[in-house]
There are 2 protein chains.
Amino acid sequence: MNVGTPTIDSGLYSSRRMPPVTVADQQHFAWLARSFGRTDYLPLSPADLSALTETGEYVEKYPGTHLFREGEIARHAYIIEKGEVELYRTIGDLKRVVTRVGEGTVLGDIAMFQEEPYISSAKAITPVRAFRFDRDKLLPVLVKHPVVTLRWLVAGLSQLESTQRRVLRLMHRTVKEQVAEMLLDDADQRGEVHISQGALATLLGASRQTVNEALADLKEAGAAETGYRLIRVVDREALAEAAGH
Amino acid sequence: MNVGTPTIDSGLYSSRRMPPVTVADQQHFAWLARSFGRTDYLPLSPADLSALTETGEYVEKYPGTHLFREGEIARHAYIIEKGEVELYRTIGDLKRVVTRVGEGTVLGDIAMFQEEPYISSAKAITPVRAFRFDRDKLLPVLVKHPVVTLRWLVAGLSQLESTQRRVLRLMHRTVKEQVAEMLLDDADQRGEVHISQGALATLLGASRQTVNEALADLKEAGAAETGYRLIRVVDREALAEAAGH
DNA sequence: CAACAACTGTCGGCAAGCCGACAAACTCCG
DNA sequence: CGGAGTTTGTCGGCTTGCCGACAGTTGTTG
């Protein structure tokens, strides 16, 4: 989503008593700034950013491992720098996927701020690199840096909006329409989506067979192609058509 | 359409010259504080609260009138003090209900913070009294009062959580289960829900007929009773049973 | 390279739910 | 009181999508 927003605040690295700023630092700062919403709005100050980097540390996760699990007391929030994470809840012995998220998404903050158990589990799908905020360090910093808090707020609210949109996307629509729209939304630069049809079905709350049938229709219409754990967008026009504009 | 919508400024809180603190003030403060999440967590200071009261004013809305409409540039956010508001979006010529909300809910903040058009329309269902925040006044106050911002953040995030829950509630469940759960969640002290079956159907994304059939089942099971624009919970146990625990 | 696990593709039977239609009941208001 | 508008209750026909089953394909691992 935030892809292609290369807004590096020029005056950012001229700050005072900081250690020499490396290229890695610059990338890190720019990335942190981007992650909290649009950069042209209430930009984060260098002080804001460096304060944030001291509220936690980077963690790396292999596919299949958990960032956190449902029920654990939330002491950390995460922001994904690279990779893909699946959020799910277990109800009874059923696993229900809440959503899949990628680069720039903030995770676990809901529970962390309220110091309650995590509402869902977060599992790495691909290799994941994420910044882990420490609650006890973060709160004082947020109180001292209101602009960062405001940014966080905006980021949280836009996530709320996209979830509301997802509600509407689920309601009143056939699986074929949902699949088409999902492909339009989630295809990468090459027009590919790397996901198994089963996982896609879980995301949409449909059965694997029905998703497969929908994909067969889309293939026949020349809108998409499928492979092993792969769906490729061939004709965006046709997909939009199938999604109902 | 907004004919006869009285925008009443309470006049109570026009300060800057430090007015005496009245009983009404205290009630107002307590209510504002409650609305932004749990009070035992990072409590709002009196200074925080009085700062907030100067960032907007009260408005009153008759049933059927709009607090704001989809597409208007968002310059205000609202917090409902009394009454019920329906959030909906129009897609094509279809009206889709996003949600219904009541006392304590914050509205329109997503769009306001980003200074973008409102994403959905907000219409009063019952007589509504709400506090309307003014963007231009609010932002400076938030920057100066980080704790308030943090509270706002927590409020926003818990709304995100309830929306996520709603996604799960919609998926994989029959209309009967959804109706039962909705009744359990939304019944008032007398165990009554005042809503037409048609409106309930729109909320759940189902047809009126199917909802009616589900209610007939629940009636037969002795779990609920129905009347004109009214559903009464008779047996919570049985309802929970029908909802799938 | 062989065996296994995961994934894709397809079929038929069955249930949930939508739609149009219509009668009966209820509210509101002059 | 009476009529208009809204809401409830119910029917049958039809579509979507779920489920179980199974065969074929692709990737992985020892």
Side-chain angles (χ1 to χ4, degrees), chain A residues 62-64 86 94-97 123 125-127 169-183 192-221 223-232 242-244, chain B residues 62-64 86 93-97 125-127 169-183 192-221 223-232 242-244:
Chain A
Y62 289 119
E86 185 176 271
L94 248 111
K95 182 175 146 188
R96 296 233 181 107
V97 178
K123 190 172 71 175
I125 299 292
T126 63
R169 210 161 71 175
L170 285 175
M171 279 168 37
H172 288 298
R173 314 202 63 180
T174 67
V175 171
K176 183 176 169 184
E177 288 170 334
Q178 292 182 43
V179 168
E181 191 154 326
M182 173 75 77
L183 291 182
E192 294 181 346
V193 183
H194 297 266
I195 189 173
S196 78
Q197 297 178 9
L200 179 55
T202 316
L203 257 179
L204 297 179
S207 74
R208 185 189 62 79
Q209 294 94 322
T210 308
V211 168
N212 179 269
E213 193 182 336
L215 283 171
D217 283 2
L218 294 176
K219 268 192 291 188
E220 193 173 358
E225 294 171 356
T226 65
Y228 189 81
R229 271 174 167 280
L230 169 76
I231 307 165
R232 185 180 299 114
Chain B
Y62 289 122
E86 184 176 271
D93 51 353
L94 249 110
K95 182 175 148 186
R96 295 229 184 111
V97 178
I125 299 292
T126 64
R169 208 160 74 174
L170 284 174
M171 280 168 36
H172 288 298
R173 315 202 61 179
T174 67
V175 171
K176 183 176 168 185
E177 288 169 335
Q178 292 182 43
V179 168
E181 192 156 324
M182 173 75 75
L183 291 182
E192 294 181 346
V193 183
H194 297 266
I195 189 174
S196 78
Q197 296 178 10
L200 179 54
T202 316
L203 256 179
L204 297 179
S207 74
R208 185 189 62 79
Q209 294 95 323
T210 308
V211 168
N212 179 269
E213 192 182 338
L215 283 171
D217 282 3
L218 294 177
K219 267 192 293 189
E220 192 173 358
E225 293 171 355
T226 65
Y228 189 80
R229 273 174 168 281
L230 168 75
I231 307 165
R232 185 180 298 114

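Keep in mind it's a predicted model, so treat the numbers as computed, not measured. Reminder, nothing fancy here: chain letters follow the sequence lines and each chain counts from 1.
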Nearest heavy-atom neighbours spanning B:Pro63 and B:Ile125:
CB-O, 3.2 Å

Which residues pass the side chain to side chain contact (heavy atoms under 4.5 Å, CB included) test with A:Ser196, sequence neighbours left out?
A:Ala199, A:Arg229

Which donor-acceptor pairs under 3.5 Å do side chains of residues 204-211 of chain B form with protein atoms, sequence neighbours excluded?
from     : atom 1 : to       : atom 2 : distance (Å)
B:Ser207 : OG     : B:Thr210 : N      : 3.3
B:Ser207 : OG     : B:Thr210 : OG1    : 2.8

Students should find that the nucleotides of DNA chain C closing off the region near chain A, any atom under 4.0 angstrom from a heavy atom, are C:dA6 to C:dT10

Protein-nucleotides 3-10 of chain D N/O pairs under 3.5 Å:
from  : atom 1 : to       : atom 2 : distance (Å)
D:dT7 : OP1    : B:Arg229 : NH2    : 2.7
D:dT7 : O4'    : B:Tyr228 : OH     : 3.4
D:dT8 : OP1    : B:Gln197 : N      : 3.3
D:dT8 : OP1    : B:Arg229 : N      : 3.4
D:dT8 : OP2    : B:Gln197 : N      : 3.0
D:dG9 : OP1    : B:Lys219 : NZ     : 3.1
D:dG9 : OP1    : B:Thr226 : OG1    : 3.1
D:dG9 : OP2    : B:Gln197 : NE2    : 2.7
D:dG9 : OP2    : B:Asn212 : ND2    : 3.2
D:dG9 : N7     : B:Arg208 : NH1    : 3.2
D:dG9 : O6     : B:Arg208 : NH2    : 2.9

Once side chain to side chain contact (heavy atoms under 4.5 Å, CB included) is applied, do any residues pair with A:Leu203, and if so which ones, sequence neighbours excluded?
A:Val97, A:Arg100, A:Arg166, A:Met182, A:Ile195

Using side-chain heavy atoms (C-beta onward) and a distance below 4.5 Å, is B:Leu200 in contact with B:Val193?
no

Could you grab the distance from atom CG of B:Leu183 to atom CD1 of B:Ile231, nearest 0.5 Å is fine?
5.0 Å

Tell me the interatomic distance from A:His194, atom NE2, to D:dG27, atom P, rounded to whole angstroms.
13 Å

Side chain to side chain contact (heavy atoms under 4.5 Å, CB included) partners of A:Glu192, counting only residues at least two apart
A:Asp188, A:Arg190, A:His194, A:Leu230, A:Arg232

What residues form a side chain to side chain donor-acceptor pair (under 3.5 Å) with B:Gln178, not counting sequence neighbours?
none

Applying salt bridge (charged side-chain N to carboxylate O under 4.0 Å, His left out) to B:Lys176 and not counting sequence neighbours gives B:Asp217

To the nearest 10 degrees, how far apart in direction are the end axes of the helix from C:dC1-D:dG30 to C:dG30-D:dC1, each fit to five base pairs?
50°

Excluding sequence neighbours, so at least two apart, what forms side chain to side chain donor-acceptor pair (under 3.5 Å) with B:Thr126?
none

